[in-house]
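Beneath this line is the structure, given in structure tokens, with notes to follow.
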Amino acid sequence: MLTNGHDNSPSKYITLVSSDGFEFVVLREAAMISPTIKGMLRGQFAEAITGRCQFPEVSGVILEKVVEYFHFWYKNRDKEDVPDMDIPVELCLELLVAADYFGLDSKLLPTTFYKTTQESVVLTFSLAFFALQNKHEIPYSMG
Amino acid sequence: MSGARQNRAARGIRGPQSALTDFLASHNISAFQIQQDAAARRRAAEEQNGVDPSNQQDDASSAAVPTAPITAATETTSPPTTRRGRRVAAESSSREEKPNKNQKVLDKIKASKKFQKRKKELDDSEDEYDLLQAIFKERAAPLPGQMENCAICGKRFTVTPYSRNAPDGGLVCSPCGKELAQEGPAPKKKPKRTGGAVGRRRQVQSNILDGTYQPGAKSLMTLCIETLAKNIDLAEDLGDLPPLVIDKIARKLSKHRLLDPRTLNLFLQPSTEEVYIYDGSKLSADDYIKIFQTVPTLKQLKIRNGIHFKDEVMDYLLSRDIELEGFYLHGANLVSEAHWKKFLQEKGKSLKSLRVYWTDKHFGDEVLAELEASCPSLDRLKASHNQKVTGEGIKSIAKLKSLRHLSLDLRNHVHSDVYVHLLSEIGSDLKTLSLARVPDVDNTVLDAIHTHCRSLTKLRITDSEFMTDEGFVRLFKGWENKPLEIVDLQKNRQLEAAKPRENPDGIGLCSNGFRALMAHSRKDIRQLNVHACRHISAAAFEDVFAPDKEYPELQKLEISFCEEVNDFIVGSIFRSCPNLRELNVFGCMKVKDVRVPRGKILVGVPNALGMIIEGNEDED
């Protein structure tokens, strides 16, 4: 579905689907900080083939924040002294559960994958980072 | 008639002035006015006392006599009849006539920083005029220390620097001022101070020292926990979070000293098996009892700073059906020896881990003697800073065959033979051996470890002044123990103030011992601490971290106060330890200009710059 038009290499983007049907298009590299998503995309699972991950336990509001964090992390991945991302107090506990579910723990060492080109960074931020669409397919194709 | 002439006339009437009056006048204090005020007060007091009111003429004459000006601003105004009238006159004159001097004052105000600053907040010119008037009035107001009538209630009061302005001019007394403050809008919150560039850099350095530093954004979990800790008052219930997360929240709360009887409830869920309290200093005995009331399935209990964990709490625990497997108690001085014994006798069967820290009197040899009979499955024992534990207690520990992890940090001197006996009895199965602060212990203990220990993964011996390099070589050479994972041999060194660099007897962990250690544990060593082992030579470091040697698991290395460490050695360490996270080099004065590979942390470089990270984000 979201494969790169020219060859069979996987798309730079993946789609995350929340329990209430919201879809988020996320830069693959950014989403890979989550060991859970990384595991889903490894091997020959349906998710790995289609680039589409369903999260029936996570609501759209929470998934939106998680996706925001993915990009926040990606943007700041080797900056020093990063300002804290704003966490809405009312979502705090639910987000904590989600953070645990996605494995976004502090033990994580994000220094392990740095291979990124300047181009992909520009791409991410010139495009809207994530499309928030209810029960729609993504209107634009990547690649 | 100008005010100036009037003043001159007033002075003229009174004749020549004394030097003091002149001096006071130059400081805006009028002796005449003080006199007048005193007379007026006296009169007022007499009136209140029911004495016949003083004659009108006197009043009128005193009021008619113009007083010397209080402030520079009023100096040029037309003659006021009363003090109140004078201020009104000052206002009107400044608004309508604007004599030269007044204009000068106004110009001065316009140029002042205060005016400019406040002007920025306004935009139309009318407001500007009002502002000018307000500041003018402010300056015209009496100085601190003088008396004034309150603009609201009319009472007399002493003006202080804190006296507030009334909404329509004049000052108010402190009771009215308080009311005004309550009515008025809450003062704007100051924007959060970030501490500037220096403060932020300091924060980064502080995080490095805390070991919580990592480049890039904080993890989502950390962000959430921090938000939660800030708003813990709003939390009613933590819900169904996994124990690991709950533990992290508990740590964060304790760090901010937020754990109190209210927040404790968040951690007491009937179904949980673990309660970890990292700072119990705000909890009372009743709160501890509440833990046992609400968590009947409790298995692991950890309490730090548990000052109020007393006998009555212990009694309650004994009366319940709770069978603890892990018990960690820090700072509980009020539990008596008898209660410790009773606890072990009644609840010791299930106990697998017992850790007791910082007790003065009541956790001693007799309690340790109880362990053999009462705790058949004790696996982990830690006694730290317990003043009453001596060699006798260690002899009782030697009888605990089930023990796998033993940590001792005792206050009393214990002879090496006691440790040798301990190791010969239970050393073969020990996985952890930690003997912290053992200044008297010598090579015989090292030899005993060599002979008896076969399954150690963690070894700590610190502060020995008798162990020698030869002893360490004998320990590690040909030792049938598998490679160690965590080694802490800090401060095993010669203490000789007169000739600190000479070490003819090879006391402490020196070059050869270090080589032998690293050769033995190369494969698995994860953490190494050789803090202040001063006699490890540069050659030994270079041998150990030579290009052909790799320490694949080493993550944390502490080589502070090893004098010989230099830039080359630090560079070699980074080369030989691919997974190193943190390297401490406090007091290594030969470390000057090291490039730190990305993702690694170097702490304690002796210059103000801190660490310099090599490479940029495009490099791998």
Side-chain angles (χ1 to χ4, degrees), chain A residues 29-31 33-37 57-58 62-121, chain B residues 192 194-195 197 199-205 207-208 211-246 248-249 252 266 555 579 581 597-601 610-611 613 615-620:
Chain A
E29 250 185 297
I33 37 154
S34 160
T36 312
I37 294 182
E57 302 93 340
V58 187
I62 297 297
L63 195 60
E64 183 188 348
K65 266 283 159 192
V66 172
V67 168
E68 190 187 332
Y69 175 77
F70 286 160
H71 283 94
F72 171 79
W73 173 84
Y74 187 74
K75 188 174 68 171
N76 295 303
R77 65 200 174 288
D78 33 30
K79 283 188 194 145
E80 276 198 27
D81 188 26
V82 180
D84 291 349
M85 194 178 93
D86 190 41
I87 306 283
V89 177
E90 65 278 9
L91 295 182
C92 192
L93 282 175
E94 282 177 83
L95 209 51
L96 203 49
V97 178
D100 183 57
Y101 174 78
F102 284 104
L104 301 173
D105 205 341
S106 48
K107 271 180 286 181
L108 187 87
L109 259 180
T111 48
T112 42
F113 48 99
Y114 270 108
K115 281 275 190 246
T116 166
T117 54
Q118 208 66 35
E119 188 196 14
S120 72
V121 180
Chain B
K192 209 178 155 193
T194 54
R200 279 197 300 273
R201 189 160 66 87
R202 197 187 161 283
Q203 187 58 46
V204 170
Q205 294 295 325
N207 287 344
I208 289 175
T212 57
Y213 172 83
Q214 62 178 61
K218 284 180 192 161
S219 78
L220 185 58
M221 195 174 280
T222 313
L223 288 171
C224 287
I225 289 174
E226 281 174 4
T227 316
L228 181 63
K230 268 183 215 154
N231 299 288
I232 197 70
D233 292 344
L234 302 174
E236 298 269 304
D237 184 1
L238 290 180
D240 231 1
L241 291 170
L244 190 78
V245 178
I246 299 229
K248 282 188 173 179
I249 297 169
K252 192 81 197 168
L266 299 173
Q555 290 170 5
N579 288 316
R581 277 220 68 199
R598 195 151 274 277
K600 300 188 193 301
I601 296 169
M611 65 177 197
I613 293 175
N616 57 39
E617 58 192 68
D618 288 340
E619 282 176 41
D620 197 359

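Lettering follows sequence order; numbering is per chain, from 1.
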Worksheet item: B:Ile249 versus chain A, heavy atoms under 4.5 Å apart: side chain, backbone, both or neither?
Response: side chain
Worksheet item: Where does B:Ile225 contact chain A at under 4.5 Å (heavy atoms): side chain, backbone, both or neither?
Response: both
Fill in: Side chain proximity check, A:Leu95 to B:Thr227, heavy atoms < 4.5 angstrom
no
Discussion item. Show the nearest heavy-atom pair for residues A:Leu96 and B:Cys224, with the distance to one decimal.
Written reply: CD1-CB, 3.3 Å
Worksheet item: Distance from B:Leu220 atom CG to A:Glu68 atom CD, nearest 0.5 Å?
Response: 10.0 Å
Fill in: Over all atoms of both residues, closest heavy-atom pair of A:Val82 and B:Ala217
CG2-N, 3.9 Å
Worksheet item: chain B: which of A:Leu91, A:Val89, A:Val97 shares the most heavy-atom pairs with it under 4.5 Å?
Response: A:Val89
Discussion item. Out of B:Leu228, B:Leu234, B:Leu238, return the one with the most heavy atom pairs under 4.5 angstrom to chain A.
Written reply: B:Leu228
Worksheet item: Can you list every pair that meets salt bridge (Lys or Arg N to Asp or Glu O under 4.0 Å) and has a residue in residues 214-228 of chain B, with sequence neighbours left out?
Response: A:Asp84-B:Lys218, B:Lys218-B:Glu226, B:Glu226-B:Lys252
Fill in: Test log, rule side-chain contact (heavy atoms from CB on, under 4.5 Å), inputs A:Asp100 and B:Leu241
CA-CA 9 Å; A:Asp100 183 57; B:Leu241 291 170; over 6 Å; no
Worksheet item: Closest heavy-atom contact between A:Leu93 and B:Asp237?
Response: CD1-O, 3.4 Å
Fill in: Rounded distance (nearest 0.5 Å) linking atom CD1 of A:Ile87 with atom CG of B:Asn231
11.5 Å
